[in-house]
> 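So that we are looking at the same thing, I have put the structure below in structure tokens.
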Amino acid sequence: MFLSQQPNHGAMDTPTPEEGFTALTDDAERNRLLAEMAEQSTDMISRHTPGDWRFIYASPAVTHLLGYSVEEIVGVSAYDLYHPDDVENFQRRAPSVRYERGLYTHTYRFRCKDGHYTWLESTSRTLRDPGTGDIREILVVSRDASGRIEAEQTNRRLARVLESTSDLVIFTSLDHRITHLNESARQVLALDSATPSANLSELFTETSYRLLGEAAFPTALRRGNWSGELDMRDRRGQTIPVSLELLAHRSYHGDMEYFSLVARDLSAAKAAEAQLKAYQADIEHASRLVTMGELASSLAHELNQPLTGIVNYLRGIQRRFGDQTEVRWQDLRVPLEKTVDTALRAGGIIHRMMDFTRKRAPVHEAMDLLPVVDDLLQFCEPNAERHNVVLENRMTLTGARVVADRIQLEQILLNLIVNAIEACQTPAGQAPLKVWLEAQRHGRQLEIRVRDQGPGLPPHSSDKLFERFFTTKKNGLGMGLAISRSLVESLGGELWPLAVEEGGACFCFTLALADNETPTTTN
């Protein structure tokens, strides 16, 4: 084998015959063992001629690495198998070639028998003639480096993505010391390149960092990751809302190594959300004003009665006591008390209108449902009478307390009831149609139904009913149902139309029951 042909690189004392025989025996045994190792090694061991790098010898591993048999590879120049882009680099001893203690190592692409290229890492050394110093041959040990090269390329690609992403990426040690920030994190947080010595606590508000310590890091240690919304802060002290993903990274053996945090700046999204809520509130307020406009004639009629009563009471007092110089309280008490009661009733109507049309932030609280429904039906009664419609409250649940905002709940009910009244309008003198409300409990939710005896919903309209500006009414705006569904969903419920065999229309919506509330059915 080639290993036995290595030159003697140092002067040696002349051994005795016995010592010489022992040395030869030891060298032969060592070379035999080395040859066996070369034959069994998964690394390819090869010998090459200087200059053209032709294969003089290759170990059997050449078949595993390159697909050639030993006989096929011997005599082939290594330059013929190099990838064209790597030949010049090797000849110039490019940075991919490194030297250490007489050995040089380089990484390159080599063509396999089937034509594809694979990455090899080879360590070479020259064997020289001891007399002339000329290179006699080159000894090379090569191994497959494809996995490592691909991993390095993947890491480089990931590093480019890491630096180009708009998300904030932060790496920390186990004690929360910052070890790396990507470019987005440095820009958004107004940090410089020297910041990686800082602690993670400097990048979050006090409340958010406490949540990280109490919930996020313990969860990431158990499950590998944690996600949530927190508030970061930049070096200027400005708060930045973010959606955060915290990852715990472990070694191959399972030991914790470091944490990474990927944060997405939500500032623009939060601002847009706030603006959308403001627009939604304006639309809801406008819808209530429109509804009041539609009910104006009915409300005028409802107010006209108490105002007329007040005038009549006061004119009666004027006629009876106008020419008297002395009047007893007993004679004035009854008409004045009736005047006050009537004025309070008129004031109640006005206050109800003002509350309904007032623009304010919603307040979700537990409230009794039945009084709200009764008040609203009384409020709509004049409008129903004008359309020759009868309103009924058929809710048989008592003690039903739901979680809602009263104004929003009234707007939902008012939109549905007014739609039902207008759908049931009949000429005076004919039998009136009915609009009624029902309720039924389903688990921790209460389902409320507004039903009518009108013509029902147009065919194939259920998909469009809740679209803004879609309406089946001649002078409708197409906003009532869309706003009602939005309000119901903001309360955690659903709103949908229900087909009924008896005819007419039915709209159902759900509300959450207040905790510890169990409505009962009355007979």
> Atom CG in Leu498, atom CZ in Phe509: separation rounded to 0.5 Å?
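It is 14.0 Å, given to the nearest 0.5 Å.
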> Would the distance check show the side chain of Asp368 and the main-chain N or O of Leu370 forming a donor-acceptor pair, the cut-off being under 3.5 Å?
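No, because the side chain of Asp368 does not come within donor-acceptor range (under 3.5 Å) of the backbone of Leu370.
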> Do Asp265 and Ile240 have side-chain heavy atoms sitting under 4.5 Å apart?
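Side-chain contact under 4.5 Å: yes.
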> Could you tell me which non-hydrogen atom of Thr510 sits nearest to which non-hydrogen atom of Val488, and how far apart they are?
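In terms of heavy atoms, the two residues are closest at O-CG1, 3.9 Å.
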> Quick one: pull up CG in Leu246 and OG in Ser260 and give me the separation to the nearest 0.5 Å.
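It is 7.0 Å, given to the nearest 0.5 Å.
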> How far does NE2 of His387 sit from CD of Glu422, to the nearest 0.5 angstrom?
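So the NE2 of His387 and the CD of Glu422 are separated by 5.0 Å.
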> With rounding to the nearest 0.5 angstrom, report the CG to CH2 distance, Leu261 to Trp226.
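Between atom CG of Leu261 and atom CH2 of Trp226 there are 9.5 Å.
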> Going by distance alone, is a donor N or O of one side chain under 3.5 Å from an acceptor N or O of the other, for Thr179 and Ser173?
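Their side chains do not contain a donor-acceptor pair, so the 3.5 Å distance test is not met.
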> Can you tell me if CD on Glu502 sees more than 12 non-hydrogen neighbours from other groups inside 6.0 Å?
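Count over threshold, so yes.
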> I would like to know whether Asp452 and Val389 meet side-chain contact (heavy atoms from CB on, under 4.5 Å); could you show each step before the answer?
CA-CA 10 Å; Asp452 64 61; Val389 174; over 6 Å; no
> Just checking, any donor-acceptor pair under 3.5 angstrom between side chains of Glu438 and Trp436?
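Result is yes, a qualifying pair exists.
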> Step by step, work out the side-chain contact (heavy atoms from CB on, under 4.5 Å) result for Leu189 and Met232.
CA-CA 8 Å; Leu189 300 174; Met232 300 186 74; 3.9 Å; yes
> Evaluate the criterion side-chain hydrogen bond (donor to acceptor under 3.5 Å, both in side chains) for residue pair His176 and Ser201; output intermediate values, then yes/no.
CA-CA 8 Å; His176 302 178; Ser201 61; over 6 Å; no
> Can you tell me how far CH2 of Trp119 sits from NE2 of His83, rounded to the nearest 0.5 angstrom?
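These two atoms lie 8.5 Å from each other.
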> So, Asp114 versus His116: side-chain donor-acceptor pair below 3.5 Å or not?
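Yes, because at least one side-chain N or O of Asp114 sits under 3.5 Å from a partner of the opposite role on His116.
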> side-chain hydrogen bond (donor to acceptor under 3.5 Å, both in side chains) for Asn388 and Thr426? Distances and angles first, verdict last.
CA-CA 6 Å; Asn388 195 24; Thr426 55; 2.9 Å; yes
> For Arg148 and Glu121, indicate whether the former's side chain and the latter's backbone hold a donor-acceptor pair under 3.5 Å.
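Not at all, since once roles are kept as given, no pair shorter than 3.5 Å links the two residues.
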> Using a 6.0 Å cut-off, check whether atom CZ of Arg222 has over 12 heavy atoms from anything other than its own residue.
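Correct, the count exceeds 12.
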> Salt bridge between Asp234 and Arg236, side-chain N to carboxylate O under 4.0 Å?
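Yes.
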> Are Met367 and Arg406 side-chain neighbours, meaning at least one heavy-atom pair lies under 4.5 Å?
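Yes. Closest side-chain heavy atoms under 4.5 Å.
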> Does the pair Leu369 and Arg401 meet the rule for a side-chain contact (heavy atoms from CB on, under 4.5 Å), with working shown?
CA-CA 6 Å; Leu369 177 63; Arg401 287 173 59 80; over 6 Å; no
> With a 6.0 Å cut-off on ring centres, are Phe217 and Phe259 close enough?
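Aromatic pair counts; centres sit under 6.0 Å.
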> Check whether any side-chain heavy atom of Val373 lies under 4.5 Å from a side-chain heavy atom of Met395, and answer yes or no.
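Sidechains of Met395 and Val373: in contact.
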> Is the CZ atom of Arg233 crowded by more than 12 outside heavy atoms at less than 6.0 Å?
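Above 12, so yes.
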> Identify the heavy atoms of Ala514 and Arg444 that sit nearest to each other, and give their distance.
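Nearest pair, atom of Ala514 first, then Arg444: O-NH2, 2.8 Å.
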> Quick one: closest heavy-atom pair of Leu513 and Gly443, and the distance?
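Looking at all heavy atoms of both residues, the closest pair is CD1-O, 3.9 Å.
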> Would you say Leu120 and Thr107 make side-chain contact, with heavy atoms under 4.5 Å?
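No, too far: nothing below the 4.5 Å cut-off.
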> If we count only N and O atoms by modelled type, under 3.5 Å, do the side chains of Asp231 and Ser208 hold a donor and an acceptor together?
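Their side chains do not contain a donor-acceptor pair, so the 3.5 Å distance test is not met.
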> Report the C-alpha separation of Asn225 and Glu245 in whole Å, then their side-chain angles, then the decisive distance to 0.1 Å, and conclude whether the side-chain hydrogen bond (donor to acceptor under 3.5 Å, both in side chains) test is met.
CA-CA 7 Å; Asn225 69 298; Glu245 180 82 11; 3.2 Å; yes
> Pro241 and Ser267: which non-hydrogen atoms are nearest, and at how many Å?
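Minimum heavy-atom contact is CD-OG, 3.5 Å.
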> Is the shortest side-chain N to carboxylate O distance from Glu202 to Arg235 below 4.0 Å?
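Result for this pair is yes, salt bridge flagged.
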> Indicate yes or no: at least one non-hydrogen side-chain atom of Glu365 is less than 4.5 angstrom from one of Asp405.
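SC-SC contact between Glu365 and Asp405 ruled out.
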> Once you round to the nearest 0.5 Å, how far does CD of Glu257 lie from OG of Ser251?
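Those atoms lie 5.0 Å apart.
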> Measuring only between side-chain heavy atoms, which start at C-beta, is Val390 closer than 4.5 Å to Val435?
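In short, these two side chains do not touch, never coming nearer than 4.5 Å.
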> Under a 4.5 Å cut-off applied to non-hydrogen side-chain atoms, are Ile170 and Thr172 in contact?
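Ile170 vs Thr172: side chains touch.
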> Given side-chain contact (heavy atoms from CB on, under 4.5 Å), test Leu244 with Val262 step by step and report yes or no.
CA-CA 6 Å; Leu244 182 73; Val262 181; over 6 Å; no
> Using the side-chain hydrogen bond (donor to acceptor under 3.5 Å, both in side chains) criterion, which residues pair with Glu183? Sequence neighbours excluded.
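Glu183: side-chain hydrogen bond (donor to acceptor under 3.5 Å, both in side chains) contacts with Arg186, Gln187.
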> Pick from Leu413, Leu437, Leu409: which one makes a side chain to side chain contact (heavy atoms under 4.5 Å, CB included) with Leu376?
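Considering Leu413, Leu437, Leu409, a side chain to side chain contact (heavy atoms under 4.5 Å, CB included) with Leu376 is found only for Leu413.
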> Between Glu392 and Lys434, does a salt bridge (Lys or Arg N to Asp or Glu O under 4.0 Å) hold up when you go through it step by step?
CA-CA 7 Å; Glu392 294 181 357; Lys434 295 181 179 181; 3.4 Å; yes
> Determine the minimum heavy-atom distance between Asp86 and Arg109, stating which atoms define it.
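The answer is OD2-N, 2.8 Å.
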> Compare every heavy atom of His364 with every heavy atom of Val403, then report the nearest pair and how far apart it is.
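Nearest heavy atoms, Val403 then His364: CG1-CB, 4.4 Å.
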> Check step by step if side-chain hydrogen bond (donor to acceptor under 3.5 Å, both in side chains) holds for His442 and Glu447.
CA-CA 7 Å; His442 296 285; Glu447 180 183 310; 3.2 Å; yes
